[in-house]
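Input: a single structure, listed below in structure tokens.
Letters A, B, ... mirror the listed sequences (proteins, then strands); counts begin at 1.
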2 protein chains.
Amino acid sequence: MNTLAYGLLSLLTHSPLSGYDLTQRIQPFWPAKHSQIYPLLARLEKYGMVSCELIQQSDKPDKKVYSIQEKGFEALREWLTVPASDPVMRDELMLKAFCVSHVDPTVSRDLFAARLEHYRAKLGRLQDKIQSVRQMANAGETEIPPYNSLFFGPYIMLNKGLMVCRTNIEWCEWVLSIIPDGAAASRED
Amino acid sequence: MNTLAYGLLSLLTHSPLSGYDLTQRIQPFWPAKHSQIYPLLARLEKYGMVSCELIQQSDKPDKKVYSIQEKGFEALREWLTVPASDPVMRDELMLKAFCVSHVDPTVSRDLFAARLEHYRAKLGRLQDKIQSVRQMANAGETEIPPYNSLFFGPYIMLNKGLMVCRTNIEWCEWVLSIIPDGAAASRED
DNA sequence: CATCCTTATGTATGTATTTACATAATTGCT
DNA sequence: AGCAATTATGTAAATACATACATAAGGATG
């Protein structure tokens, strides 16, 4: 039972899902490929944490839909009582930022401009998602879904995503504003 | 040559360092254990990217100090021209947040309170660091180290750390403010 | 009808990362 | 003198994760 396993169980508390769906939905929180998900689901089924039902489809290939079982709920509740381990962030841009002074400003400008675009695109996706959550929860612009509704979790997470994303955009813009123009200012050792 | 290798080279552009020092310093940007660092440094030396000197110490155990070589600089400059890969964030708290409605508010409150403390402690460390960088760069409160100084990179990274950390604190406080009091409001299925 | 894209599930192999094992010198504490 | 903590370097083994291989049904496009 690693963190990914608990992540899958967490998603399954909202609704039964196929391995394929789980793979898509867990990406924003805990990136993982289907090659990790499928064997893990089989193991969770063996442990009795989830059950599996084969769903025949006519328009698309058949699928296996997993549902969380009482044993899975127990494991989840137990897991929720232990403090979350520290978040792990690995950002290549931070390593590159460390030595930008060794290259031309035009080179580093590209680096941060690309990242800025990345975050702007992400912001758009997040805003769409938060809209759809609000609709599902029947909540207005400023309304917060109640704690005991299934929308509370997704809502606070999406808000974190939004806030952090905006901060990152702000940072990228700031960095771009202080990188000198042209190629004249590159470092001389 | 994986990302960690380039990260080590990046750090070595500032000053020669031992494997032990590198292990400490790379943590904030690319967490890695010494068991990954030491073999990698040996490989970088074999490739001629870094050189190694044995430093005898009287007060502490002897150490190996690595310096970046021209071949390492070349690799770094090449690496800086390709766009940074997307950042990877894995946060167990986000997975737990997804299903908080299934447990008592007191349980989830502990989760976010602990994370808030984590970020507050981190904020303090970051503020100390940014102070010391400002001193080393002989820069005032609002002054920005010049692009071609070695302090530009660390300065922008520390600022990102600060900004994101503050946003996270704000988010934790907000979440704690909307989690209902007591154990009365737990979810009923 | 050929080709590509999406949905769907799996395995095999390689790489990255963590945990544990192993050793050793120095300092500070009791 | 014994013990723990810090500094310092390494290897071994296990786990996590990514890339590639493999198959297949259905839909869209040409």
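- Between A:D91 and A:R115 a salt bridge is recorded (basic side-chain N to carboxylate O distance below 4.0 Å).
- A close approach under 4.0 Å does not occur between any side-chain nitrogen or oxygen of B:Q57 and OP1 or OP2 of D:dT7.
- Protein atom CG of B:L22 is 13 Å distant from nucleotide atom C1' of D:dA8, rounded to whole Å.
- The distance from atom NZ of A:K63 to atom P of C:dA8 is 5 Å, rounded to the nearest whole Å.
- The separation between A:L4 atom CG and C:dT17 atom C1' is 15 Å, rounded to whole Å.
- Ring pair B:H14/A:F98 is tilted by interplanar angle, where 30° to 60° counts as tilted.
- Interface residues of residues 26-41 of chain A facing DNA chain C, ordered by number: A:H34, A:S35, A:Y38; criterion, heavy-atom separation under 4.0 Å.
- Closest to the side chain of B:P61, from the set D:dA8, D:dG26, C:dT17, is D:dA8.
- Distance CD (B:E45) to C1' (D:dG10): 14 Å, rounded to an integer number of Å.
- Distance CG (A:D62) to P (C:dG10): 12 Å, rounded to an integer number of Å.
- Atoms CD1 (B:I55) and P (D:dT7) sit 18 Å apart, rounded to a whole Å.
- Considering only side-chain atoms of A:R90, the nucleotide from D:dA8, C:dG10, C:dT18 that sits closest is C:dT18.
- For B:K60, no side-chain nitrogen or oxygen approaches OP1 or OP2 of C:dA24 to under 4.0 Å.
- For B:S15, the side chain to side chain contact (heavy atoms under 4.5 Å, CB included) criterion is met by B:L17, not counting sequence neighbours.
- Remark: A:E74 does not engage A:K71 in a salt bridge, criterion side-chain N to carboxylate O under 4.0 Å.
- Comparing B:Q24 and A:T3 by the nucleotide of DNA chain D that holds the closest heavy atom to each, the one mapping nearer the 5' end is B:Q24.
- In this structure, CG of A:L17 is placed 11 Å from P of C:dT9, rounded to the nearest angstrom.
- Qualifying side-chain hydrogen bond (donor to acceptor under 3.5 Å, both in side chains) partners for A:T3, counting only residues two or more places apart in sequence or in other chains: B:E92.
- Going from atom CD of B:E53 over to atom C1' of D:dA8 covers 16 Å, rounded to whole Å.
- Residues B:S149 and B:Y155 bring no donor and acceptor atom of their side chains to less than 3.5 Å of each other.
- A close approach under 4.0 Å does occur between a side-chain nitrogen or oxygen of A:Y20 and OP1 or OP2 of C:dT7.
- Residues A:R166 and A:E173 are not paired through a salt bridge, judged by the lack of any N-O separation under 4.0 Å between the basic side chain and the carboxylate.
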